[in-house]
Amino acid sequence: MVNMFSTLVMLSVSCWASLIHPVSLCNILDDIVAARAPGDIIIGGLFPVHDKVEHLDSRTQPGRLYCSGFDYSTFLHAQAMIYSIEQINNSTLLPGVKLGYEIYDSCSDVITAIQATTRFISKFNSSDTRIEVHCNYTNYIPNVKAVVGDIFSEISIAVARLLNLYLIPQISYGSSAETLSDKTTFASFLRTVPNDNHQTLAMVKLLESFNWNWIGIIASDDAYGQAGLKSLISHAQRLNICVDFQELIPIYDNEEHDVKINATAEKIMKSTANVMIAFVRSSDIFKLFTILIQQNVTKTWIASDAWSNARHVASINHIEKIGTILGFTFESGTIPNFKDYITKLEMHPQGANKLMKDYIGFLNKSDTNKPNRNDSNSQQNKPQTFDQTIQPTTYGVYLAINAIVGALQRIFNCTQKNCSLNFNFPPWKLLNELKNVNFKTEDGKFEFDSSGDSSNGYDIITWTMVEGSIQFVKVGNYSVMNRMISIDNNFRNKAKHVFSNCSRTCRAGEVKTALSENPCCFDCSLCSAGFYSEKNNSNKCKKCPEDQWSENGSSMCQNKTIEFLLWRDAISVVLIIIVILGIFIICALIILFTKYRSTPAMKTAGGWMCYIMLLSLGIGFVSVLFFIGEPLDWTCTIRQPLFGISFTLCVSCVLVKSYRIILAFSFNPNIHKRLKNIYKPVPIIIVTTGIQVVICSIWLSLSAPKSIQNRDRPKVILLLCHEGSYTAFTVMLGYIAFLACVCFILAFKGRKAPEMFNEAKFITFSMLVYLIVWISFGVVYVNIEVSSKYFPVTESIAILASVYSILCCHFFPACYVICFKRESNVESNYLIHAREHFKQKGKFVCPVINSNTENNTVGQPSSMIEVRADLEFEQQANQRANHTDQIKNDQSQTLESNCLRKRHKSW
C-alpha cells in the first residue's frame, strides 16, 4: 500500500510539474562520458571502469564526482561493447541502420550510475538534454533504446528502478542478484547470466561433494552480498552444512569499512572452519587477503563470480600463501576476432574518448612502477595481457549487444538487404521483442528465460601459480539445467586432504550423537547389535529386518541362519534309533503274544487288551518322529494329538487292568458286587479315550498348533511348532496325568494280590515314572526359553520315557515268564499260588456255577461268593453229613480246585 501511495503521489507531482515547468534541464558534464558514438539507434552502457568515487563521505554539496582506481578488466567490458557495435555496423545484420553508443563510467557506485541514467532517459534529439515529465510515458522516446550494464547488482537494482518507469530494456552482463528476477519490480531488466540462486546452490553442492560441512561466509553489505548470503545459508541448511560465522562488509571505503575488514580477518584466524565462501567485491577481498597473508593464514576459499577471476587480487604479493582458491565464473564463449582487436589496442593505444585516455594513463603508470622481473612473487603492478584478463562477463556484453540486434531486426523486419527504417519507436517495443529473442553463436544457442535470465551454467576454476603468476585453470562446471556439478578427478584427489568439519566423519557402522544444537558438531558412537548404518555421518542407525542380524558397529546386516532339529543331528539319530528299537520290540511282542495267547501268563498280562496297548504304544513311538525335521503346519498339528490320544488309549487299558485286580481280589461281597456292576472294559476304554479325542478336537478347531519362526536369538531364526493354545495342551497332558493317578491309586490298592497275578506293582511303578517324567517336563517347559533347536527333544524324551516305562513294566514280566519260565506258565501253578494266597488271608473266593458260566466272555470274571475256611466251616460241614475225614478232604479239595479254576479264568 505504501508503494502504491508513493507511486500515485509521484505521478501527481509529475503531472503538476509538467503543467508548471514543461521542460526540465538535465545538465551533465561531458567529461563523465566514457565513450560516445553517434547513430540512428543509441545503446547506453554502464561499466565500473574505476573502483571508487573519491571523498563521498566528505561531500557538503552536489557537484562534480571524481573517480579513481582504473580497472583493466572492466575496461575490456566497455571495449567489448564498442567492438560488438562496430562489427554490427560493418555487417549486413541491420542494413541501413547505424548503431551508436553512449558509455558511462559508474565508478562502482550508485550515485554516478544514477547520474548517468538521467542522461539515458533524457529526450531523444533534445539539444538541451532535457528530461520531460509526463503522466503517461507510453509514447515517450528517450535518448537511448536500451542500456547494457552494470556488473554490480547493487548498481543494477538502482538503475533498473529508474528504467522500469519507462520500460527501457536493461541487459546486465554480470549482475546476478536473485531479486532482479522478480518481474513485478524489475519488469524491464534482463541479463546474460544466471541468477545467484544457481550459484549458491552450485557452491553448496561443491561443499557436499568434498564433504565440507563447516564453513565461514563473508559477504558485501549490499543487495548482492545479502541475497547471496541468505540463499547460501538456505541451501546449506537443507544439506546439513553449518556456518561457523557470517560477516557483512560495508561497501563504502571509510574508517568503518577498514575496522570491519580487520574484525573479519580476526574472526577467520580464530575459526575452526577451513573453508571460506566470499560473496564480496574484489576490492574488499584484496584488503582482506593482504591482512591474512601477513598473518600467515591459510584457508580454502570459494569465490563468487564477483572476484573469482580478479586479476588485481591474483597479483597480490605471495598470494599463493592464502591457500587454495576455487572460483565460480559464468560460462564463457568466443567473441570472433576480439583477441586481435585487443592485441592491437594494447600495442597502439589511441583514441579521443575518456576511456582510452584513462587506459593510456594506466599503461604509463604500469610501466613506471614495473617491478623487477627477477622477483617472481611481486605481481601487484605487473602489466597484464588479454590472455590473463579475459572474463566471461566480457562475453556477456557481446551476448547483450547481439540480443538487442536480434530484437531490432524483428522491429525493422530486416532482411539481408534492407530494413523498414522507423527509428521513432518507444523502448518498450524493443523490450517485448527482447523477451522472445533467440540466436545462435559459435558456442551454442542463446535466449532469455521467463525471468529474463540466461540458462548458461558456471565454470569452476582454481588459481594455480605458473612461472610466478596466477593462472585461472578450469577444474569443473555446473549445469543450471540439470543442477549437476562435475569436478576434475585430478583436482578432486588433491583436495581430499582438506578437512573442514566441526567433527570427524562418522564412518559406516557409526551414528552421530549431537553435542549441541549445531547439527554439524557431534560425536560418533557404534550402532548397537541388530542395527546398522550404511552411509557416513548417519543420523540414526537402521534396524535390521527380522530375518537379518548385525553386530556392534555394523555397516550392513547379514542373513540369519535358519535352524531346526535336523534329521542328521546326533540327538535326532539317537532318538530315531530308540524309536526303531521300540517299534521292533512291539512287533516282537505281538508275535510272541500271538503264539502264546492261550497261556496263563498272556491272559494275566491283559489278554486282548495287550494288542490295543501295543498298538497305542507303537503310535506313541511314531509321534516322536514328528518332533524331528523342519516344522511344518501339518506336522505341528498332528504330533501332539497323535501322542495324546494314543497314550490315553494305552492308559485306559492300564486303568481297566488296575480295576480288574481290585475286582478279582475283593473279599467283601457287597463291594465286590458294586465293583462288578461298574466293570465294563470296552465302554471304559471307549469313554476315557473319547474324552481325549474331544479335548484334541476342540483344541484343533479353535487354536491348532502351527509352525512359527522364533527370532529371539540375534543370529538365528529358529523354526518351531507353536502349540496354538497352551491351555489346551495342558488340559490334554493333565487328562492323561489324571488317568495315570487313578491307575496308580487302584494299583496301589491291589498291591497285595498273589505274586504270579500281581501286576499292581508294575502298574504302580509305570504310572509313577509317567507322573515324574511329565511333571519334570512341565517344569522345564514353563521355565526354559524356547531359544534352541533342541527344545523339542525334551518332549520327545518324555514321550519315549513314558512309552518305555509301560512297555517294560507291563509286558516284559510276561515275556520273561513265557520265554524263561515255561514250567511256571501252566494253569495248575497259578492255582497253587492263588490257593496259598487265599489261605494266608484266611479267605476263599470261588465262582457260583450256573448255566451262564460257560458263556461268559473271556477276561470277564464270574460272580463271586465268599466262604470262610476256618473252624466254623468245618463245624457246619460235620453237622450236615456224618462222613469220614477222607471224604471231607476230598470234597473240600474238589470244591477248592473248581473255584480257583473259575477265578483264574477271570484273570
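Side-chain atoms of Thr688 come within 3.5 Å of backbone atoms of Ile685 as a donor-acceptor pair (strictly under, hydrogens ignored). Ser707 contributes no side-chain N or O that, together with a main-chain N or O of Cys721, makes up a donor-acceptor pair within less than 3.5 Å. Of the possible polar contacts, one joining the Ser572 side chain to the Leu566 backbone as a donor-acceptor pair under 3.5 Å is found.
Using a 30° and 60° split on the angle between ring planes, Phe647 and Tyr770 fall in the parallel class, below 30°. Aromatic ring orientation, Trp774 versus Phe777: perpendicular (interplanar angle above 60°, classes split at 30° and 60°). Ring geometry for Tyr804 against Phe621 counts as perpendicular: the plane angle is over 60°, on a 0 to 90° scale with 30° as the lower cut.
Annotation: side-chain contact (heavy atoms from CB on, under 4.5 Å) contacts of Cys524 (sequence neighbours excluded): Arg504, Cys506, Glu510, Phe522. For the disulfide bond (SG atoms under 2.5 Å apart) test, residues two or more places apart in sequence or in another chain that qualify with Cys541 are Cys527.
Salt-bridge formation is detected for the pair Glu723/Arg639: a Lys NZ or Arg NE/NH1/NH2 atom is positioned less than 4.0 Å from an Asp or Glu carboxylate oxygen. Using a 4.0 Å cut-off between charged side-chain N and carboxylate O, Glu546 and Lys560 make no salt bridge.
Residues Tyr611 and Thr594 have side chains that bring a donor and an acceptor to within less than 3.5 angstrom of each other.
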Exercise. May I have the step-by-step check of side chain to side chain contact (heavy atoms under 4.5 Å, CB included) for Arg711 and Asp547, ending in yes or no?
Key: CA-CA 8 Å; Arg711 305 176 187 273; Asp547 57 349; 3.7 Å; yes
Quiz prompt | Full working for side chain to side chain contact (heavy atoms under 4.5 Å, CB included) between Ile806 and Met767 | solution = CA-CA 8 Å; Ile806 292 180; Met767 294 300 103; 4.0 Å; yes
Exercise. Determine, stepwise, if the pair Phe791 / Phe627 fulfils ring-ring contact (aromatic ring centres under 6.0 Å, His included).
Key: CA-CA 10 Å; Phe791 181 77; Phe627 289 85; over 10 Å; no
Exercise. Begin with the C-alpha distance, continue with both residues' side-chain angles, and end with the deciding distance and a verdict on side chain to side chain contact (heavy atoms under 4.5 Å, CB included) for Leu614 and Leu807.
Key: CA-CA 8 Å; Leu614 289 173; Leu807 196 63; 3.9 Å; yes
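The shortest side-chain heavy-atom distance between Tyr532 and Gln548 does not fall under the 4.5 Å cut-off. Side-chain contact between Phe564 and Asp569 is absent, with no heavy atoms from C-beta onward closer than 4.5 Å.
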